[in-house]
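Notes for the one structure printed next.
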Amino acid sequence: MSESSGGCARPTGAMVGEPPQPNEVQEEAKETTVVTAKVGSKAPDFTAPAYYQGGFTEVKLSDFLGKWVLLCFYPGDFTFV
Amino acid sequence: MSVDSQFVHKVWNDQELSKMAGKDVPFHMASDGPGNVGRIYGVYDENSGVELRGRFIIDPDGVIQAMEVLTPPVGRQLDETIRQIQAFQHVRATGAAEVCPAGWTPGKKILKPGPNLVANVWKEWSPLKDH
C-alpha cells in the first residue's frame, strides 16, 4: 500500500497474480471496457485511491494475494450497503 | 468501493459510519470516480453513473469464488456472505475433498464427492434434517 498518487482508480490490465498482458491488449480492453470479472476465474487487478483509518492511500487488489478479499461496490456514500 | 472520492469516504466515516459502529471503518474505502473498475466487474450503471450493489468473494489465489449483484433499492445480507466465505474456506482447507451442500453452516453435514455419492445424496443429506 503506497501513499496516494492522486490518480483515478484504474484496472492494471492484468488478472490478480498474473503477469500483465501486452500493451495492445490493454488498450483494446480500455476502449471497449469489456467485463472481465468471471466467477471461477482470476479477478481483474486494479489500483484505486482509498481512505483507510485516518489516512489517504492507494489500494491495489493484488497486494491482498494470500488473503480472502471481500470486494463490495455500492451506489454511494450516505446510503445503506 | 463507490464513485465517491476518498475525501467523501472520510466524511462518511467521520460523520456517520464511525458513530454507527463505535469505531472507524476497519477496511479500505476505495474510490472509483470514473467507474473504470466497476465496468470491468460489470457493476457500473452507465445511465445513473453509479455502481450497483456488487459483492465479490476473492480467494487467496486471486480467484473470484462468488458474486452477488443487486440493484440499489435493496440491501445485502451480511450473514449470507460470511456463510459463503466459511464454506469456501472449508472446501479449500480440505482440498475440495469435502463440499458444502445447500444451507450449510459450520458444523453441519458435508458431502464427499466421488463415485459412491452418485445417486446417493438422498441417503447422506436431508433437506429437512441437514438444511
Side-chain angles (χ1 to χ4, degrees), chain A residues 1 4-18 26 29-81, chain B residues 1-13 15-17 24-45 48 50-67 69 71-73 75-76 78 81-82 85 88-89 92:
Chain A
M1 236 60 56
S4 175
S5 59
C8 290
R10 58 196 178 280
T12 63
M15 294 307 193
V16 167
E18 302 285 339
Q26 277 187 44
K30 209 187 214 172
E31 277 168 28
T32 53
T33 62
V34 178
V35 174
T36 47
K38 233 172 81 179
V39 172
S41 297
K42 292 265 188 169
D45 200 9
F46 62 84
T47 61
Y51 174 71
Y52 181 58
Q53 299 198 315
F56 296 115
T57 182
E58 184 150 287
V59 71
K60 187 176 188 189
L61 182 61
S62 51
D63 285 345
F64 295 91
L65 274 171
K67 293 181 175 178
W68 287 86
V69 172
L70 189 65
L71 175 61
C72 269
F73 296 87
Y74 58 94
D77 289 349
F78 303 99
T79 73
F80 55 90
V81 297
Chain B
M1 173 168 272
S2 74
V3 298
D4 301 282
S5 72
Q6 63 271 42
F7 310 109
V8 177
H9 286 337
K10 179 184 189 302
V11 176
W12 190 28
N13 172 77
Q15 299 299 317
E16 191 166 57
L17 294 179
D24 282 344
V25 172
F27 39 78
H28 291 84
M29 301 172 74
S31 169
D32 187 22
N36 289 337
V37 178
R39 281 189 190 90
I40 59 171
Y41 278 82
V43 298
Y44 184 75
D45 181 13
S48 57
V50 300
E51 283 163 353
L52 304 170
R53 299 188 190 280
R55 180 222 70 184
F56 298 79
I57 297 172
I58 303 171
D59 76 11
D61 295 323
V63 174
I64 301 173
Q65 292 293 350
M67 66 177 281
V69 185
T71 53
R76 288 166 274 209
L78 188 58
T81 297
I82 291 170
I85 294 171
F88 283 116
Q89 287 178 336
R92 187 178 171 91

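Lettering follows sequence order; numbering is per chain, from 1.
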Interchain contact, B:Asn13 with chain A, by part (heavy-atom threshold 4.5 Å): side chain

A:Val35 vs B:Ile40, side chain to side chain contact (heavy atoms under 4.5 Å, CB included): CA-CA, chis, key distance, verdict: CA-CA 4 Å; A:Val35 174; B:Ile40 59 171; over 6 Å; no

Nearest-0.5 Å distance that lies between atom CZ in A:Arg10 and atom CG in B:Asp32: 11.5 Å

B:Pro72, part contacting chain A, at a heavy-atom distance under 4.5 Å: both

For chain B, the option from A:Glu18, A:Met15, A:Lys38 that forms the most heavy-atom pairs under 4.5 Å: A:Lys38

Part of B:Thr81 within contact of chain A (heavy atom distance under 4.5 Å): side chain

Sidechain-backbone polar pair: B:Asn36 side chain, A:Ala9 backbone, donor-acceptor under 3.5 Å: yes

Side chain, backbone, both or neither of B:Phe27 within contact of chain A (heavy atoms, under 4.5 Å): backbone

Side chain to side chain contact (heavy atoms under 4.5 Å, CB included) between A:Leu71 and B:Tyr41, intermediate numbers included: CA-CA 10 Å; A:Leu71 175 61; B:Tyr41 278 82; 3.7 Å; yes

Between A:Ala48, A:Gly17, A:Pro44, A:Gly76, the one whose heavy-atom pairs under 4.5 Å with chain B are most numerous: A:Pro44

Sidechain-backbone polar pair: A:Tyr51 side chain, B:Val8 backbone, donor-acceptor under 3.5 Å: no

Side chain / backbone / both / neither for A:Lys67 at chain B, heavy atoms under 4.5 Å: backbone

Contacts of type side chain to side chain donor-acceptor pair (under 3.5 Å), residue B:Gln89, not counting sequence neighbours: none

For A:Asp77 against B:Ser2, the heavy-atom pair lying closest together: OD1-OG, 3.8 Å

Structural part of A:Phe46 lying under 4.5 Å from a heavy atom of chain B: side chain

Sequence neighbours excluded, every pair satisfying salt bridge (Lys or Arg N to Asp or Glu O under 4.0 Å) that has a member inside residues 3-12 of chain B: B:Lys10-B:Asp14

Whether A:Phe73 and B:Phe56 hold their rings parallel, tilted or perpendicular, with breakpoints at 30° and 60°: perpendicular

Part of B:Ile57 lying under 4.5 Å from any heavy atom of chain A: both

Close side-chain approach of B:Val37 and A:Leu61, heavy atoms under 4.5 Å: no

A:Thr79, part contacting chain B, at a heavy-atom distance under 4.5 Å: both

Trace of the side chain to side chain contact (heavy atoms under 4.5 Å, CB included) decision for A:Trp68 with B:Ile58: CA-CA 6 Å; A:Trp68 287 86; B:Ile58 303 171; over 6 Å; no

Segment of B:Glu16 engaging chain A (4.5 angstrom heavy-atom cut-off): side chain

Side chain to side chain contact (heavy atoms under 4.5 Å, CB included) evaluation trace for A:Phe78 with B:Val11: CA-CA 10 Å; A:Phe78 303 99; B:Val11 176; 4.1 Å; yes

Shortest non-hydrogen contact between B:Arg53 and A:Pro75, atoms and distance: NH1-CD, 3.4 Å

